[in-house]
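Okay, so here's the structure we're looking at.
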Amino acid sequence: MKTIVITGGSSGIGKATASLFAERGWRVFELSRHGAERQDDQAPSTQGEVIHVLCDVCSEESCKQAIGEVMKQTDHVDVVISNAGYGISGPIEFTKIADAEHQMDVNFMGAVRFTQAVLPQLRQQRHGRIIYTSSVAAQLPVPYQAFYSASKAAINAMALALANEVKDFNISVSIMMPGDVSTGFTDARNKSTEGEDVYPSANKAIANMERDERAGMAPRQMAELFYHIATCISPRPQYVGGFGYRVICLLDRILPKRLVNWIEHQLYS
């Protein structure tokens with residue numbers, strides 16, 4: 001039985017991904033602060049199983065203990081997905097430094113801690129795949145979501161560097177950048193209203209962004225993409241979730257950055 005370990009698997013994209021892999025016969029270890037009572041609308045079949053392991057990606061010790069618990073129950077790990085994260089929004093000028101630091105600590109440093117905890121096992125067995133959940137916002141930073149965008153851009157940079165570091169151990173590294181996906185992530189966002197009188201476009205920008213998210217793709221679509229990355233013969237370094245978003249990211253590479261930034265301003269002002 002193939003084994004996958006996924007952080008942030010108790011809700012949203014992570015939950016859909018954990019369920020899909022279990023349905024297809026994988027043993028799934030879902031690492032999160034919540035989820036022990038996992039009530040899944042898409043309950044996995046008896047072909048595979050989803051095993052919850054308590055893990056807080058903001059704690060190095062918690063990540064190490066979680067991987068230790070996983071390795072007590074299996075002798076190998078085929079795929080790991082670093083998916084834990086959340087979002088904050090608001091003008092850069094008025095974002096509290098503590099909130100910005102926590103955003104980076106969860107999204108970026110959380111991925112670093114998880115990576116450092118699981119890499120010794122992957123190196124020892126000399127095979128494995130690491131997949132990071134990033135965002136289209138890493139390539140196209142979103143106004144009033146600057147720190148979320150920065151945290152995902154940092155993941156992209158780390159992942160591409162890591163890919164070359166672990167190549168000799170037969171470990172592949174891929175980035176998956178979803179566009180808008182309809183999940184509870186939208187309602188869980190930490191929205192700051194400070195500075196709205198100075199930046200009157202902030203409310204409209206965030207409302208437009210949340211409207212697009214709620215009308216976005218189903219989490220199952222992203223789960224299918226994760227499954228493709230995990231099982232294809234030769235995974236690419238970077239994937240974009242959704243055809244429309246692939247086109248947008250391609251245009252970003254072709255068009256002058258000044259024009260791309262102007263278009264974003266029109267969308268979020």
State the [atom1]-[atom2] distance between [X] and [Y], to the nearest 0.5 angstrom.
X      : Y      : atom1 : atom2 : answer
Ile130 : Ile175 : CD1   : CD1   : 11.5 Å
Ile13  : Arg220 : CD1   : CZ    : 13.5 Å
Arg113 : Cys58  : CZ    : SG    : 5.5 Å
Gln145 : Lys191 : CD    : NZ    : 11.0 Å
Gln124 : Arg126 : CD    : CZ    : 11.0 Å
Asn107 : Ser149 : CG    : OG    : 10.5 Å

Would you call the rings of Tyr199 and Phe94 parallel, tilted or perpendicular, where under 30° means parallel and over 60° means perpendicular? perpendicular
Is there a continuous path of hydrophobic side-chain contacts, each under 4.5 Å between heavy atoms, that joins [X] to [Y]?
X      : Y      : value
Met1   : Val70  : no
Val142 : Met217 : yes
Trp26  : Val77  : no
Tyr227 : Tyr132 : no
Ile97  : Ile88  : no

Minimum-distance pair of heavy atoms, taken over all atoms of [X] and [Y]:
X      : Y      : value
Glu264 : Pro143 : OE1-CD, 4.1 Å
Asp78  : Thr3   : OD2-N, 2.7 Å
Leu31  : Ala66  : CD2-CB, 3.7 Å
Val57  : Val106 : CG2-O, 4.0 Å
Ser201 : Tyr144 : OG-OH, 2.7 Å
Val79  : Ala230 : CG2-CB, 3.9 Å

Pairs meeting criterion side chain to side chain donor-acceptor pair (under 3.5 Å) with involvement of residues 55-70, two or more places apart: Glu60-Lys64, Glu61-Gln65, Glu69-Gln73
Between [X] (side chain only) and [Y] (backbone N and O only), is there a donor and an acceptor less than 3.5 Å apart?
X      : Y      : result
Gln221 : Ala218 : yes
Asn83  : Thr133 : no
Ser19  : Ala16  : no
Arg129 : Ile229 : yes
Thr7   : Ala84  : yes
Gln139 : Cys249 : yes
Gln103 : Tyr86  : yes

Set out, in order, the CA-CA distance, both residues' side-chain angles and the distance that settles side chain to side chain contact (heavy atoms under 4.5 Å, CB included) for Lys152 and Tyr148, then state yes or no. CA-CA 6 Å; Lys152 295 302 186 178; Tyr148 174 78; 3.5 Å; yes
Is there a side-chain contact between [X] and [Y] (heavy atoms, below 4.5 Å)?
X      : Y      : answer
Thr17  : Val28  : no
Asp75  : Gln125 : no
Leu251 : Val260 : no
Val50  : Arg27  : no
Phe114 : Val80  : yes
Phe169 : Leu122 : no
Glu49  : Ile51  : yes
Phe147 : Asp99  : no

Assess the residue pair Glu210 and Ile206 against the criterion (side chain to side chain contact (heavy atoms under 4.5 Å, CB included)); give the C-alpha distance rounded to whole Å, side-chain angles, the decisive distance to 0.1 Å, and a yes or no. CA-CA 6 Å; Glu210 293 189 339; Ile206 295 168; 4.0 Å; yes
Donor-acceptor pairs are to be reported for all side-chain atoms of residues 176-186 against protein atoms at under 3.5 Å, with residues two or more places apart or in another chain.
from   : atom 1 : to     : atom 2 : distance (Å)
Asp180 : OD2    : Tyr245 : OH     : 3.1
Ser182 : OG     : Arg214 : O      : 3.3
Thr183 : OG1    : Phe185 : N      : 3.0
Thr186 : OG1    : Glu213 : OE1    : 2.8

Taking atom [atom1] of [X] as the centre, does the number of heavy atoms from other residues, nucleotides or ligands within less than 6.0 Å exceed 12?
X      : atom1 : value
Lys72  : NZ    : no
Leu250 : CG    : yes
His265 : NE2   : no

Output a table of donor-acceptor pairs, distance under 3.5 Å, between side-chain atoms of residues 155-166 and any protein atom two or more places apart or on a different chain; print 'none' if there are none.
from   : atom 1 : to     : atom 2 : distance (Å)
Asn156 : OD1    : Ser134 : OG     : 2.7

